[in-house]
Structures are given as C-alpha cells and as structure tokens.
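Written below as structure tokens is the structure these notes are about.
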Amino acid sequence: MESQRVAYGETLLEIGEDEKIVVLDADLSSSTHTIMFGNKYKERFFNMGIQEQNEVGVAAGLARSGKIVFASSFAVFIVGRAYDIIRQSIAYTNLNVKIVATHAGLTVGEDGATHQMLEDIGIMSGLPNFRVIAPADAPETRKVIKKIAYMDGPFYVRLSREKVPTLLNDYEFELGKGILFKDGHDLTIISTGITLSIAVDAANDLKAKGIDAAVIHMPTLKPIDSELVSKYAKNTGKVITVEEHSIYNGLGSRVAEIIAEHGTAKLKRIGVMDQFGESGPGWALLEKYGISKENIIKKSMEIIR
Amino acid sequence: MNIEEQKEIKLKANEIRTLAIKMIYNAQSGHPGGSLSASDILSVLYFKVLNVDPKNPEWSKRDRFVMSKGHASAAYYASLALKGYFPINDLFTFRKLGSILQGHPTIHVPGVDMTTGSLGQGFSTAIGMAIAGKLDKADYNIYVLIGDGEMDEGIVWEAMINAPHNNLDNLIAILDRNKYQLDGSTENILPLGDIESKIKAFGWEVQSINGHDIEEIYNAIKISQNKNGKPKMIVANTVKGKGVSFMENTHEFHGKAPNKEQYEKAIKELETEREKILKEGST
Ligand SMILES: Cc1ncc(C[n+]2csc(CCOP(=O)(O)OP(=O)(O)O)c2C)c(N)n1
C-alpha cells in the first residue's frame, strides 16, 4: 500500500530543480504533500492561505508569464470553489496549469460528504482544453506528474487520500491510452483511479466461478481511449464500469457514450448513485456505496445471464 | 454576570472540551485545536445567550447560530448535547459509519441551523438568515462563529461588504482569533494584519476581547445586541488548543486525534482544571 499524495509530493521534489516550476497550495500543503516541494524550493512555493479562487487565478497569471504551475488543494475545494476561474482563466486561455487535487471521492472518509468530491470528473471533463487523469496507484501518479509537467496546457489530476495497493510498477503511462491489466473473453471490467485493485480482485474471484473477465484501467478520462473501449465492448459484448465518482458524468457515462456510438454491448455502471457520501472509514464507505468486489461480481452475474 | 453564573459557564466549557477530546479520540479523527479555542465562546452562547428550545429545535422565533468553522464540530456537537438536543451518548458515534453526527455539521442534527465545513460559506448563509429576520420583522439574532484562517476566503469579504449595506444589526459575528490555521500560523501563511480596523472600515461595529474570559465574552455580546443598524463583529482573541498544554499555540493538532498517551494527559489536565473551577469562590 502506498499513498498517491506522498508520491505526488516526492515527484514535485524530484522535478523541482526546473526553475520554471511553481507550486501553489491553499493551506492544505501538509495534506496534499506539496510542502515537500515547499520546504526545498521556498521561493517557488506559495501557500496562498485558504483561497482556492485566488490560488487558481494566480496560477493562470503565472502560467501566462511562462511558468509551469502546479496548483493543489482538496478536489472539493479547488474544483468546487474555484470553477469559474478555472473555466475562464485556465481552460479558455489554454494555459499551462496542472491542477492536482487530492482527497477525491468517498475515501476521504471521516470528514464526510462536505469533503467528498464525487462530481469532479464530470465537471473537469466538460472544460475544453483540459485533460483529466485519475491514476490508480502511487507509481502511476509519479509517471503522470512527470509526464504532464512537460506537456503544454491544462490538466486535472485526481488523487485519493487513502493508501492504495501498488499494481502498476511495470506499466508505462501514456496520455489517452487505457491499460489492459488482464485479458479476458466473457466480459470487460473498466475502472479508473484507485478502484483498479477492487476490479482485479473481482476478476480473480470471477475466474473461480468460470467467468473470464478482462480488466482495463482507464487513467485518462479525457481524452478517453475509445478505441480500446470499443474493441473490448465488441469482443466481450458485456461491460462493467467501476469508479469512485457519481454514476453521472464520469467513466460510466463516457463508456456508455462510446458503446452507444460505436457498437453494441451490455453495460452496467458501478459508482455513487446520485447521492452524497457520509462519514466513515474510506474503504468501508466504498463497500457501503456498492463500489466493491461483491457488487462487481453481482453485476457480472447479472450481465452474463 | 455573578461569580456563581460564571463558574457554571466555565464548568460547561470544561465539559465541552472534555467531551470534544473524548469524541475525537474515540473517532481517531477530527479537529481538536479549533474545538478547544472555541469552547468558552460556545459555552457562553449556549448556556447564557441563545434563546433556543432544545425540545423544539426548529422553533421559528429562536436565535440562530451558524458554526461557520464547521471543522470544530466536536465542540459544537458537545455543546448541543449538553444543552439537551440529543443524548450525550450519541456523541460517541461521531464520525462513525451511519452516525447522525457527521464529520462536519449538517442540518439533520437537531439544533444545527446550517450545514457547514467548506470554509466561508457559513458566514455568507448567516447573512441570508439575518436578511430573512429583517424581512419577517423578527426579534431573534443570528450568531455566527468564524475562524481566522477562514477569513482568507474571498466569500467572507463579499459577505462583509454586504452586511452593513443591509443594515443587519441582528447579526453578531464572533471571530475565533487563535492565530493558527491548518498549515501553520496565520501570520506566516496569510497575515490578517490589523483585522479590527479592516472590519471596521467595512462598516461593522467591532470589539476586541479575551475569548477565554467568560465575562468579557458575555459583555461583548450584550453590547452587540443593540439595534443601531450595524452588524457586529467580536474579535475573540483565543489560544488554539486552549486547555490542553501540548495542543496550545500550534497547528499540529489542528486536524489530528491524540494517541492514547496524549489522550490520557489531555483528560488529566482538563480534570485538574475542573477541580480548580469547582474550588473558585469557595475560599
Ligand atoms: C473552502 C475550504 N478550504 C479548505 C478547507 C480545509 N480546512 C479545514 S480547517 C482549515 C483551517 C482553518 O483555520 P481556521 O479558520 O483558523 O480554524 P481554527 O484555527 O479556528 O480551527 C482548512 C484549510 C475547508 N474546510 N474549506
């Protein structure tokens, strides 16, 4: 188990020598771990105080002046509070700002619904010019951060609070490409973000029941790998999506669009069913809200029938 | 306020602190620092000021209270339970799966007037309540507690300009000026400077008090209740973590639960304080 946000902090530190890189946070640098960069590169780190709106406005100004800007906070605050500014000053302008948000989804845990962002994939994918990425684990987070630092234009990266199992040590990250983690013929489970390990566990249990499920990890939500989705929709005819996000406007919705446009397959979506979360231990919340191995297996049996 | 009354309110504040620490320890999550700094203010509000009825939490003529710094929910819930809105035992479900006592306050909890947790919003919603009070020609006041880190948020200043414009003399804001936010001291992260003058310049009537002196808190609120057309701000100078020595004047326990050893030490200190209060005036 490794923490994505620690991996983020470490990677910023690693690439931090580049004087074009500027990092901003909004009084959560000890939680997002941008403080690791801040402690070493004091002059290029700005803790803005609890000002998510001003943070992304300043990020836009820095980017317009040639800087590579990383701006962080919890997903719910940096996307929620600052959306209009992100839209007008970063997306429309197509500026070089990388919004890296931690504490996305239910696994925020005990802080409860006010802090559990479940709409961000939808909100950020709706913005032209933005690319949206949800890594599955710590190694992938490192690769994503290193890569997008030197890709022009705005990115949104969605990280979690909880430590997650490490699965992708040996996989490269390529923008817009899904990862076929396990091949299979009977159905396809597509996951994004930290639910990959749950999808893999489910596929292993399904195997024991004689069902051969493919598992695809989709780190890039936008641009999504429609080719891979179409191919597996066609080959297996049955698709299940899994995400720590609202059932609306996230991975499941995107996959539904692709399937509707490019082919036919049966689809079942697993995500948060148009409701707010609550306080509790992160992984227990995922179970309670049906983002679980058991629910994937249940939906698989339904779809196979 | 006479000595006996003061003593009672100090004891309640001590109970709020003790319960808050127990809740946070039990949940192994929550926000001790800002709960402890606000406990004396909450005690004065709930046990001396607010005209509320725990048997009828939604009574239309009640005073309103908005906990804009919603992360201090432990102290807030403890105050509500002590006031009689729900059983003290419920406090130990705090932050657990299925509990009504969510990590941050929600209006589903009896006695909670506004859902908070995203900083700055509570302050703005309190203005809405004050405007509604004016529209309804109601007699109740709206009290709102905000954090000094919270003052960083733009929405606070938008609300700050709006309140005098609407002549909201039914609005009494209390600023928990404990000088620490999440990542460090407010003076290092984003200094508020001469905050009293800034707020005054926006058209508010401002008082600056010791936020741990029961009588000062009470008197400041009494003065603020005058209907002179202006919103009131009480800058309560406080100590983050007040009452537990190793939590005082640091951001380390902003959002961290104590471990077993720390918990025991904290409870011991609060017990000693309780005994001290009990002895007051009896010599
Ligand atoms: C909009 C928003 N941004 C960030 C946070 C995360 N956060 C919770 S408490 C806190 C610090 C609050 O400091 P202050 O208002 O001084 O509270 P106190 O010291 O009284 O606990 C932060 C940044 C939040 N809850 N809401």
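Naming convention: chains lettered A, B, ... in sequence-line order (proteins, then strands); numbering from 1 in each chain. All of these numbers come straight from a predicted model, not from anything done at the bench.
- With a 4.5 angstrom heavy-atom cutoff, S29(B) touches chain A only via side-chain atoms.
- The number of heavy-atom neighbours closer than 6.0 Å to CD of E19(A), taken from other residues, nucleotides and ligands shown, is 12 or below.
- Here D152(B) contributes atom CG and E55(A) contributes atom CD; the two are 12.0 Å apart, rounded to the nearest 0.5 Å.
- For a residue to count as touching a neighbouring chain, one of its non-hydrogen atoms must lie under 4.5 Å from one of that chain's; by this rule H71(B) does not touch chain A.
- Within a 6.0 Å sphere centred on NZ of K163(A), other residues, nucleotides and ligands contribute 12 heavy atoms or fewer.
- Residues S279(A) and G103(B) approach most closely at OG-N, 2.7 Å, considering heavy atoms.
- Among G149(B), G255(B), G154(B), the residue making the largest number of heavy-atom pairs under 4.5 Å with chain A is G149(B).
- Heavy atoms closer than 4.5 Å to chain A are found in the backbone of T116(B), but not in its side chain.
- Here CG of D183(B) is found 5.0 Å from CG of N47(A). Values are rounded to the nearest 0.5 Å.
- Of the residues considered (L101(B), T106(B), L182(B)), L182(B) shows the highest number of contacts with chain A, using heavy-atom pairs under 4.5 Å.
- The environment of CZ in F86(B) is crowded: more than 12 heavy-atom neighbours from other residues, nucleotides or ligands sit within 6.0 Å.
- In this structure, chain A has heavy atoms under 4.5 Å from both the backbone and the side chain of L97(B).
- Using a 4.5 Å cut-off between heavy atoms, D111(A) contacts chain B through both its backbone and its side chain.
- For Q28(B), no part sits under 4.5 Å from any heavy atom of chain A, backbone or side chain.
- Once rounded to the nearest 0.5 Å, the distance linking CZ of R95(B) with CD of E278(A) reads 13.0 Å.
- For K22(B), the NZ atom is loosely surrounded, since the number of other residues' heavy atoms within 6.0 Å does not exceed 12.
- Within the model, atoms CZ of F276(A) and OG1 of T115(B) stand 10.0 Å from one another, a figure rounded to the nearest 0.5 Å.
- Nearest heavy-atom pair across S118(B) and F77(A) is OG-CE2, 3.5 Å.
- By the 6.0 Å contact criterion, OH on Y92(A) is open, its count of non-hydrogen atoms from other residues, nucleotides or ligands being 12 or less.
- The interface of residues 24-34 of chain A with chain B, defined by heavy-atom distances below 4.5 Å, comprises D27(A), L28(A), S29(A), S30(A), S31(A).
- Counting heavy atoms of neighbouring residues, nucleotides and ligands inside a 6.0 Å radius, atom CZ of R64(A) does not exceed 12 of them.
- Here the OG1-CG distance, from T114(A) to L119(B), works out to 9.5 Å after rounding to the nearest 0.5 Å.
- Summarising the local packing, CD of E43(A) is surrounded by more than 12 heavy atoms from other residues, nucleotides or ligands at distances under 6.0 Å.
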